[in-house]
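This is the structure, below, for whatever I ask next.
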Amino acid sequence: MYSIIEQGGAQFKVAPGMKIRVPLISAEKGTDLTIEKVLLTADGDNIKVGAPLVDGVTVSAKILDHIAAKKILVIKKKRRKDYKRKNGHRQRYTKLEIVSING
């Protein structure tokens, strides 16, 4: 059994027991989360496709941790103009564990 969910503007294929990394969710570590934006769910040959969402199907998840990705450096330079800029950025993520698919 698997589902395709939408979280933070991205789509993820999930199954019970999976651990996924989604854009940052403002919630405490260890809390339970119910995701209602389910786009597709499949159980063997029984496939339900939403238009745009599947009615009555939710995905239960648990927040494991809040993490940051590797730092990305952005460097700008214009030759012969004495122009140099250096910026860094670390994207923040939330690590989820999928508990069950309900419905």
Side-chain angles (χ1 to χ4, degrees):
M1 176 176 230
Y2 70 91
S3 289
I4 296 178
I5 62 168
E6 181 181 344
Q7 181 65 40
Q11 296 177 4
F12 301 93
K13 180 180 176 182
V14 297
M18 277 183 72
K19 294 178 182 167
I20 60 172
R21 188 180 77 169
V22 298
L24 188 65
I25 299 171
S26 59
E28 297 276 332
K29 185 177 6 175
T31 59
D32 293 330
L33 181 70
T34 302
I35 301 169
E36 297 176 353
K37 290 187 176 181
V38 179
L39 306 174
L40 179 140
T41 185
D43 188 11
D45 291 335
N46 185 14
I47 298 173
K48 294 180 187 173
V49 179
L53 302 176
V54 179
D55 292 329
V57 178
T58 60
V59 174
S60 299
K62 183 176 182 179
I63 296 177
L64 296 179
D65 201 5
H66 298 291
I67 55 177
K70 188 176 167 184
K71 182 174 266 194
I72 296 172
L73 292 178
V74 179
I75 300 171
K76 298 179 182 180
K77 180 183 176 190
K78 296 191 187 288
R79 62 185 193 158
R80 298 185 306 268
K81 303 297 179 192
D82 194 29
Y83 175 82
K84 295 176 191 169
R85 298 289 182 266
K86 181 177 169 184
N87 280 327
H89 176 71
R90 291 185 72 177
Q91 186 68 40
R92 307 284 293 171
Y93 293 103
T94 299
K95 193 170 185 179
L96 296 178
E97 180 181 10
I98 306 300
V99 177
S100 64
I101 298 171
N102 310 316

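Everything quoted here is computed from the prediction, not taken from an experiment.
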(message) I'd like to know if Ile75 and Tyr83 are part of one continuous hydrophobic network [Ile/Leu/Val/Met/Phe/Trp/Tyr, side-chain heavy atoms within less than 4.5 Å].
(response) no
(request) Working to the nearest 0.5 Å, report the span between CD1 of Ile67 and CZ of Arg21. (result) 6.0 Å
(message) I need the minimum non-hydrogen distance between Ala69 and Arg90, along with the two atoms involved.
(response) O-NE, 3.0 Å
(message) Under the criterion side-chain contact (heavy atoms from CB on, under 4.5 Å), I'd like the reasoning laid out for Glu28 against Ile63: C-alpha separation, chi angles, the key distance, then a yes or no.
(response) CA-CA 8 Å; Glu28 297 276 332; Ile63 296 177; over 6 Å; no
(request) Report yes or no: does Arg92 contribute a side-chain atom to a donor-acceptor pair with the main-chain N or O of Leu24 at less than 3.5 Å? (result) no
(request) Return the set of residues passing side chain to side chain contact (heavy atoms under 4.5 Å, CB included) with Ile72 (not counting sequence neighbours), or none when no residue passes. (result) none
(request) Only pairs at least two apart or in different chains count here, so list each salt bridge (charged side-chain N to carboxylate O under 4.0 Å, His left out) that has a residue in residues 63-83. (result) Lys29-Asp65
(message) Nearest 0.5 Å, please: how far is OH in Tyr2 from CE in Met18?
(response) 12.0 Å
Could you tabulate the donor-acceptor pairs under 3.5 Å formed by side-chain atoms of residues 93-103, not counting sequence neighbours?
unit_1 : atom_1 : unit_2 : atom_2 : d
Thr94  : OG1    : Ile25  : N      : 2.9
Thr94  : OG1    : His66  : ND1    : 3.2
Ser100 : OG     : Asn102 : OD1    : 3.0
Asn102 : ND2    : Ser60  : OG     : 2.9

(message) For the CG atom on Asp55, are there more than 12 heavy atoms of other groups (residues, nucleotides or ligands in this structure) within a distance under 6.0 Å?
(response) no
(request) Working to the nearest 0.5 Å, report the span between NZ of Lys48 and CG of Asp43. (result) 9.0 Å
(message) Any non-hydrogen side-chain atom of Leu33 less than 4.5 Å from a side-chain atom of Lys62?
(response) no
(request) For Leu53 and Leu39, run side-chain contact (heavy atoms from CB on, under 4.5 Å): C-alpha distance rounded to whole Å, both residues' side-chain angles, the deciding distance at 0.1 Å, then the answer. (result) CA-CA 5 Å; Leu53 302 176; Leu39 306 174; 3.6 Å; yes
(message) Rounded to the nearest 0.5 Å, what separates atom OG1 in Thr58 from atom CD1 in Ile5?
(response) 11.0 Å
(message) Testing the basics here: between Pro23 and Gly8, what is the closest heavy-atom pair and its distance to 0.1 Å?
(response) CG-O, 3.8 Å
(request) Locate the shortest heavy-atom distance separating Ile35 from Ala61; write the atom from each residue and the value. (result) CD1-CB, 4.5 Å
(request) Just do the side-chain contact (heavy atoms from CB on, under 4.5 Å) check on Ile20 and Val14 with the steps written out, would you? (result) CA-CA 8 Å; Ile20 60 172; Val14 297; 3.8 Å; yes
(request) For residues Lys86 and Val74, determine if any side-chain heavy atom of one lies less than 4.5 Å from a side-chain heavy atom of the other. (result) no
